[in-house]
There are 2 protein chains.
Amino acid sequence: MPKLGMEPIRKAALVEATIAEIGASGSLDVTVSQIAKRAGVSSALAHHYFGGKEQILQAGMRQVLADFGAKVRAALVASKGPRGRVDAIIAASFEVGNFRRDVVAAWLNFYVLAQTSPDASRLLVVYQRRMHSNLVYALKPLIGVRAPDVARGIAAMIDGVYIRQALHGGTPDSNGARSLVQDYLDMCLRDQA
Amino acid sequence: MPKLGMEPIRKAALVEATIAEIGASGSLDVTVSQIAKRAGVSSALAHHYFGGKEQILQAGMRQVLADFGAKVRAALVASKGPRGRVDAIIAASFEVGNFRRDVVAAWLNFYVLAQTSPDASRLLVVYQRRMHSNLVYALKPLIGVRAPDVARGIAAMIDGVYIRQALHGGTPDSNGARSLVQDYLDMCLRDQA
DNA sequence: AGTTTTTGATTGACTCGTCAATCAATAAAA
DNA sequence: TTTTATTGATTGACGAGTCAATCAAAAACT
């Protein structure tokens, strides 16, 4: 055989190229040839390793989700105390890397895909569940029984702020986004409802 | 055949069919033939009246935006007092019609399009600006100088809650969505920051 | 060590389908 | 007859997926 163990290398390159192409086109209308070309291989090889276009795109999506999850996890282990944990989640959500052209494109098209693809929908639910349970776990010591409700509010606001920032042409304002959500959190903590 | 004055009728039918097809496919990957067929005409006629696919899709998007704007306007004229105006905007945003399959699909794909199409981006900015100024106008009597910031928070939360509801399979919970945002508003009003 | 066999890696060429856009032709008002 | 409405047929381009063939290293064998 030629150089052995090419498969994981090629797959990784194709996944990366997939995300890049999605970013370049802004949509999922990317050809397998484009992806393969960017990865430096033939389109036939992409089919050989992934089986079909659908699976290539799915691998790309999964990668974006995984990257995000890793960022949150890293931020959490470096945090201290309940409030620190919430702040870490918020900060990780608005990290500059998340506003990269290709990452934004991946997320938006992920939403679109989630309407019709059970696979995409399931992945999205997993992400939302993890976000929610992370938030609840951090909020419980701070506000007790109100934690689930506040977590829902924070999660929604993170999504809303993210989309607005992402679509707002020009440099995204990570700090502004973060403080908007943190102000909301502060207010919730101050409030006795 | 030609009964005169068909143009506006056909155009309206094609626009409606466009939105329906976008809803059916969940994406902008709809063929002109599909749209034309649903509208009961040939694809050639669609090209004849609109010039090209791009313009057909754009007309569909503009229609969705216009429908939303009309709903908000209607809710505003029927409202009473500052607080009533804010509630009206929130309620209009989560009206059941906005969760229709095709409307959701249109909005999500609108976001996607806004990344790369200056036209779509411009339309989106117009919508956001109007939303913001409506909110500020209603909030000013309630919280004065804090109005712009709170308006930003409410707008973001509306978007975030909407997306979560829209992508959450099953019947959307209009009331739940509304109360989530209204609770946020109540808290802002109660708060002296 | 040298030869042979095996097999992963890789591609160019091809098939089959689809789709946007165009056009020439037809029909019916004005 | 000039204009408006309307379509079937056609075209030209493009893209997913398949396949047979090639290449080169590694393993097996002598």
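By convention in this document, chain letters (A, B, ...) are assigned in the order of the sequence lines, proteins followed by strands, and residues within each chain are numbered from 1.
In this structure, the CG atom of B:Leu28 is 16 Å from the C1' atom of C:dA20, given to the nearest Å. In this structure, the CD atom of A:Glu54 is 9 Å from the P atom of D:dG17, given to the nearest Å. Atom NE2 of B:His48 and atom C1' of C:dT26 are 14 Å apart (whole Å). A straight line from CE of B:Met6 to C1' of C:dA29 spans 12 Å, rounded to a whole angstrom. Summarising the geometry, the separation between CZ on A:Arg10 and C1' on C:dA9 is reported as 9 Å, rounded to the nearest angstrom. A:Glu7 has its CD atom 17 Å from the C1' atom of D:dA25, to the nearest Å. For A:Ile9 and C:dA9, the CD1 to P distance is 10 Å, given to the nearest whole Å. B:Lys37 has its NZ atom 15 Å from the C1' atom of C:dC19, to the nearest Å.
Note: A:Tyr162 and A:Trp107 have perpendicular aromatic rings, judged against thresholds of 30 and 60 degrees for the angle between ring planes.
Closest approach to the A:His47 side chain among C:dA21, D:dA5, D:dA16 is made by D:dA16 (side chain taken as heavy atoms from C-beta onward). Checking C:dC23, C:dT11, D:dT6 against every side-chain atom of A:Leu45, the shortest atom distance belongs to C:dT11.
Of the possible donor and acceptor atoms, one in the side chain of A:Arg146 sits under 3.5 Å from a partner among the backbone N and O of A:Cys188.
Among the protein residues, A:Ser42 comes within range of the nucleic acid bases, having at least one heavy atom under 4.0 Å from a base atom.
If you look at B:Tyr184 and A:Tyr184, their ring centroids are closer than 6.0 Å. Between A:Tyr127 and A:Phe68, the ring center distance clears the sub-6.0 Å criterion.
Comparing B:Val41 and A:Lys53 against DNA chain D, the residue whose closest nucleotide sits nearer the 5' end is B:Val41.
The shortest distance between the side-chain N/O atoms of B:Tyr49 and the OP1/OP2 oxygens of D:dT6 is below 4.0 Å.
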